[in-house]
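Take a look at the structure below.
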Amino acid sequence: MQKKLVLFLIGFMGLSLFVHAGGGTAGSRGTGGSDMSREVKLVYYLWGAEGAANQDILKAINAKLKADLNTTLEIKYIDWPEVATRYPLLFASGESFDMAHASPDSAAPYYTLAAQGALADITDLLGTAAPVLKSAIPEETWNGTKFKGRIYGVPTLYSEFTPYGYVSSRNLREKYGLPAITSLETMEAYMEGVVKNEQFPPLNGNAVEANNLYRLMVAHTGEWIDAPGLSYTQLYLAASSPRNFKDVLHPGFTQEFKDWAVRMHEWNAKGYWQRDILASQISAKDNFNNGNSGGFITHQPDWTGNYGALQQAQPGVETDFWCIAEGKNKIIRKLGVENSTIISANSKNAARALMVIEKFMTDKSYYELIQYGIKGRQYDVVNNFAVRPASYNQDRDAGGFAVWSLRNDRFNIPYATEDPRRYTLNAAWTKTAINNPYVGFSFDPSKVNTEISAITNVNAQLGVQIMLGKTPDPVEAVERYRTQLTQAGIVRLVEEVKSQLASFTGTGQ
């Protein structure tokens with residue numbers, strides 16, 4: 001399944017608070033009412049599959065936790081294909097567990113879980129159970145986690161941005177004397193060069209490219225930003241600008257959408273993607289890594305994270321990334337709540353769980369174990385980069401945990417397989433990014449579930465066809481699309497989103 005990882009920028013302050021790189025026990029600070037003489041086992045749910053060496057890494061973690069906090073962890077996994085179903089069930093079933101990952105955009109949204117009473121209120125516990133952690137996270141970041149003035153999750157301290165763009169081959173561009181991609185026009189010039197000179201198209205992907213091309217349209221158009229109400233894996237809603245974020249619309253009813261549909265029809269006719277793209281099962285990124293595509297559309301962390309896989313598959317191939325939102329001054333600063341660690345309302349050990357979270361986020365030795373594994377087995381550090389040891393064996397030593405919410409810029413070690421431009425871009429975007437106006441808002445779809453289902457069907461059929469230029473007449477197809485959206489209930493959906501945003505901001509109707 002497509003994993004949508006959303007990632008985040010935190011203004012980091014108070015570095016002097018991190019004075020214990022290697023330990024300190026619970027006896028040196030408050031315990032939040034937890035009896036430290038009582039041994040506790042915490043159940044921690046994580047997304048993803050268990051790696052071959054995960055049990056060994058966990059054993060090392062538990063040895064430290066037992067010595068410092070009289071605590072151990074049991075980690076349970078929800079594999080990626082099951083996240084959409086098993087993750088909401090984890091809370092709906094009333095199962096007893098202690099910790100899990102949460103996000104406002106997940107299948108069971110953070111704010112919805114808080115409203116339903118599924119999460120422990122940790123507001124008053126933070127100062128006694130995790131004072132170092134409480135001080136380390138900026139007040140504005142804590143504020144983003146609040147629901148009705150109370151804190152229900154621990155936000156990440158990691159800076160990351162996820163704007164989408166087109167990844168191209170620098171080698172092909174230089175080989176054929178093509179311009180650097182800085183606009184739609186230069187992107188078209190590059191794609192023309194690929195079509196003319198190569199046996200593969202510039203975007204050799206599958207049906208997912210319809211959504212990717214739609215993302216480019218939203219990013220390219222005026223001050224538009226993504227808006228809530230529909231899943232971002234389909235042709236979703238937009239807002240007219242960050243300032244007017246309550247002015248929600250469906251782009252399908254705009255002239256900009258019609259113009260884009262015509263353009264996509266032209267791109268299809270010119271062979272910018274393969275004729276059988278709707279039947280293809282291989283992504284453009286996989287085809288690019290295998291030397292069978294001129295580029296692919298993705299977000300910045302995926303592009304920079306692809307560096308190692310590309311170098312292994314195609315040594316010497318370099319890439320460039322045209323980020324449309326950057327040129328439009330629409331890089332969104334995402335706050336820590338979008339990657340949080342929560343404690344279940346059913347947990348009998350909330351204070352102890354907070355102590356463990358504090359260790360992972362503010363103690364370097366714990367951080368490196370949970371994020372990188374065992375030094376000398378899963379990783380070594382060479383020239384300030386994390387690398388695989390010479391003895392590393394994939395079948396024996398592969399391991400790691402999907403714990404983005406526990407990350408911290410202070411302790412992050414870049415992987416040698418990452419493109420270093422990730423960090424130079426992050427540093428630049430930190431200065432120019434705009435705040436996400438929807439932080440704290442969770443759309444409740446219960447009143448419009450029927451409409452959402454019908455709209456999703458329209459998008460999956462005609463919407464995808466339009467974005468990939470597969471209709472005979474794009475203008476006629478857009479008119480038909482608008483009619484079908486209206487019949488499906490798009491007006492009611494947009495009105496419901498606007499109504500909830502008005503209530504959220506306290507402005508009324």
query: Checking salt bridge (Lys or Arg N to Asp or Glu O under 4.0 Å) for the pair Arg173/Glu192: CA distance, chi angles, key distance, verdict?
result: CA-CA 11 Å; Arg173 180 170 61 80; Glu192 281 291 336; over 6 Å; no
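- Rounded to the nearest 0.5 Å, atoms OG1 (Thr417) and CD (Gln312) are 10.0 Å apart.
- With Arg333 contributing its side chain and Lys431 its backbone, the two residues share no donor-acceptor pair below 3.5 Å.
- Between Tyr214 and His250, the angle of the ring planes lies from 30° to 60°, which puts this pair in the tilted group.
- Using a 4.5 Å heavy-atom cutoff, the side chains of Leu406 and Thr156 are not in contact.
- In this model, a donor atom of one side chain and an acceptor atom of the other lie less than 3.5 Å apart for Tyr392 and Gln394.
- Defined by atom type and a distance below 3.5 Å, a donor-acceptor pair is present between the side-chain atoms of Thr186 and Ser183.
- Taking CD of Gln300 as the start and CZ of Arg421 as the end, the distance is 10.0 Å to the nearest 0.5 Å.
- Between Glu496 and Glu451, the closest side-chain pair of non-hydrogen atoms is not below 4.5 Å.
- The aromatic ring centres of Tyr438 and Phe245 sit less than 6.0 Å apart.
- In this structure, the ring of Tyr415 has its center less than 6.0 angstrom from the ring center of Tyr372.
- For the pair Ile452 and Gly229, the tightest heavy-atom approach, listed with the atom from each and the gap, is CD1-O, 3.9 Å.
- Remark: the Asn459 side chain and the Tyr481 side chain contain an N/O donor-acceptor pair separated by less than 3.5 Å.
- Taking 4.0 Å as the cut-off between side-chain N and carboxylate O, Glu223 and Lys328 do not count as a salt-bridged pair.
- In plain terms, the two heavy atoms of Ile297 and Leu216 that are nearest each other are CD1-CD1, 3.7 Å.
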message: Between Gln234 and Thr456, does the side-chain hydrogen bond (donor to acceptor under 3.5 Å, both in side chains) criterion hold? Intermediate values first, please.
response: CA-CA 7 Å; Gln234 62 177 294; Thr456 299; 3.0 Å; yes
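- The minimum heavy-atom distance linking Gln274 with Leu203 is given by the pair OE1-O, 3.5 Å.
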message: Using side-chain contact (heavy atoms from CB on, under 4.5 Å), reason through Val262 and Trp267 one step at a time and then give a plain yes or no.
response: CA-CA 9 Å; Val262 171; Trp267 284 13; over 6 Å; no
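- Using modelled atom types, no side-chain atom of Ser106 and backbone atom of Ala102 make a donor-acceptor pair closer than 3.5 Å.
- Taking the six-membered ring where tryptophan is involved, the planes of Phe91 and Tyr87 are perpendicular, since the angle between them exceeds 60° and thus also 30°.
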message: Would Tyr45 and Met99 count as a side-chain contact (heavy atoms from CB on, under 4.5 Å) here? Give the steps.
response: CA-CA 6 Å; Tyr45 266 96; Met99 301 155 61; over 6 Å; no
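- Atom CZ of Phe360 sits about 4.0 Å away from atom CD1 of Ile370, to the nearest 0.5 Å.
- Ring planes of Phe401 and Tyr77: parallel class, angle under 30° (limits at 30 and 60°).
- No more than 12 heavy-atom neighbours from other residues, nucleotides or ligands sit within 6.0 angstrom of CG on Asn384.
- Under the 4.5 Å side-chain criterion, counting only non-hydrogen atoms from C-beta, Asn54 is not in contact with Ile75.
- No donor-acceptor pair closer than 3.5 Å links the side chain of Lys470 to the backbone N or O of His265.
- A distance of 10.0 Å separates CG of Asp226 from CG of Leu237, quoted to the nearest 0.5 Å.
- Heavy-atom neighbours of Arg396 CZ from other residues, nucleotides or ligands within 6.0 Å: above the threshold of 12.
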- request: Evaluate side-chain hydrogen bond (donor to acceptor under 3.5 Å, both in side chains) for Ser405 paired with Thr341, printing each intermediate quantity in order.
  value: CA-CA 6 Å; Ser405 54; Thr341 306; 2.9 Å; yes
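- Within a 6.0 Å sphere centred on CD of Glu476, heavy atoms belonging to other residues, nucleotides or ligands number more than 12.
- Residues Trp224 and Ser241 are not in side-chain contact: their nearest non-hydrogen atoms beyond the backbone lie 4.5 Å or more apart.
- Using modelled atom types, one finds a donor on one side chain and an acceptor on the other under 3.5 Å when comparing Asn268 with Trp273.
- Contact annotation: the side chain of Lys76 never approaches that of Leu46 to less than 4.5 Å [non-hydrogen atoms, C-beta and beyond].
- Here the shortest heavy-atom pairing between Leu157 and Ala136 reads CD2-O, 4.1 Å.
- Side-chain contact check for Met264 versus Leu468: every heavy-atom pair is 4.5 Å or farther apart.
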message: salt bridge (Lys or Arg N to Asp or Glu O under 4.0 Å) for Arg377 and Asp56? Distances and angles first, verdict last.
response: CA-CA 10 Å; Arg377 182 173 175 189; Asp56 293 340; 2.7 Å; yes
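- Rounding to the nearest 0.5 Å places OH of Tyr272 at 12.5 Å from CG of Leu213.
- Looking at heavy atoms from C-beta onward, Trp303 lies out of side-chain contact with Arg422 at the 4.5 angstrom threshold.
- Judged purely by distance below 3.5 Å, without hydrogens or angles, the side chains of Glu368 and Tyr379 pair a donor atom with an acceptor atom.
- With rounding to the nearest 0.5 Å, the separation of OG in Ser168 from CZ in Phe288 is 7.0 Å.
- Donor-acceptor pairing under 3.5 Å is recorded for the side chains of Asp409 and Ser159.
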task: For the pair Ser240 and Asp247, evaluate side-chain hydrogen bond (donor to acceptor under 3.5 Å, both in side chains) and give the outcome as yes or no after the intermediate values.
output: CA-CA 6 Å; Ser240 59; Asp247 181 23; 2.8 Å; yes
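- The shortest non-hydrogen separation linking Thr298 to Asp302 is OG1-OD2, 2.7 Å.
- Taking the six-membered ring wherever Trp is involved, the centroid distance between the rings of Tyr166 and Trp322 does not fall below 6.0 Å.
- Counting only N and O atoms by type, the side chains of Tyr110 and Glu338 include no donor and acceptor under 3.5 Å apart.
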field: Audit row: Trp47, Asp79, side-chain contact (heavy atoms from CB on, under 4.5 Å) steps and yes/no
entry: CA-CA 6 Å; Trp47 296 357; Asp79 205 358; over 6 Å; no
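- A side-chain donor-acceptor contact under 3.5 Å links Asn212 and Glu209.
- Smallest separation of non-hydrogen atoms from Asn408 and Met361: ND2-O, 2.8 Å.
- A donor-acceptor pair shorter than 3.5 Å cannot be found between the side chains of Asn457 and Gln461.
- Val497 places a side-chain heavy atom less than 4.5 Å from the side chain of Leu493.
- Side-chain polar atoms of Asn171 and Gln314 form no donor-acceptor pair below 3.5 angstrom.
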Salt bridge (Lys or Arg N to Asp or Glu O under 4.0 Å) between Glu266 and Arg263, intermediate numbers included: CA-CA 5 Å; Glu266 293 171 352; Arg263 193 172 211 141; 5.8 Å; no
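- Ring pair His220/Trp260 is tilted by interplanar angle, where 30° to 60° counts as tilted.
- Under a 3.5 Å cut-off, the side chain of Ser453 and the backbone N or O of Asn449 do not form any donor-acceptor pair.
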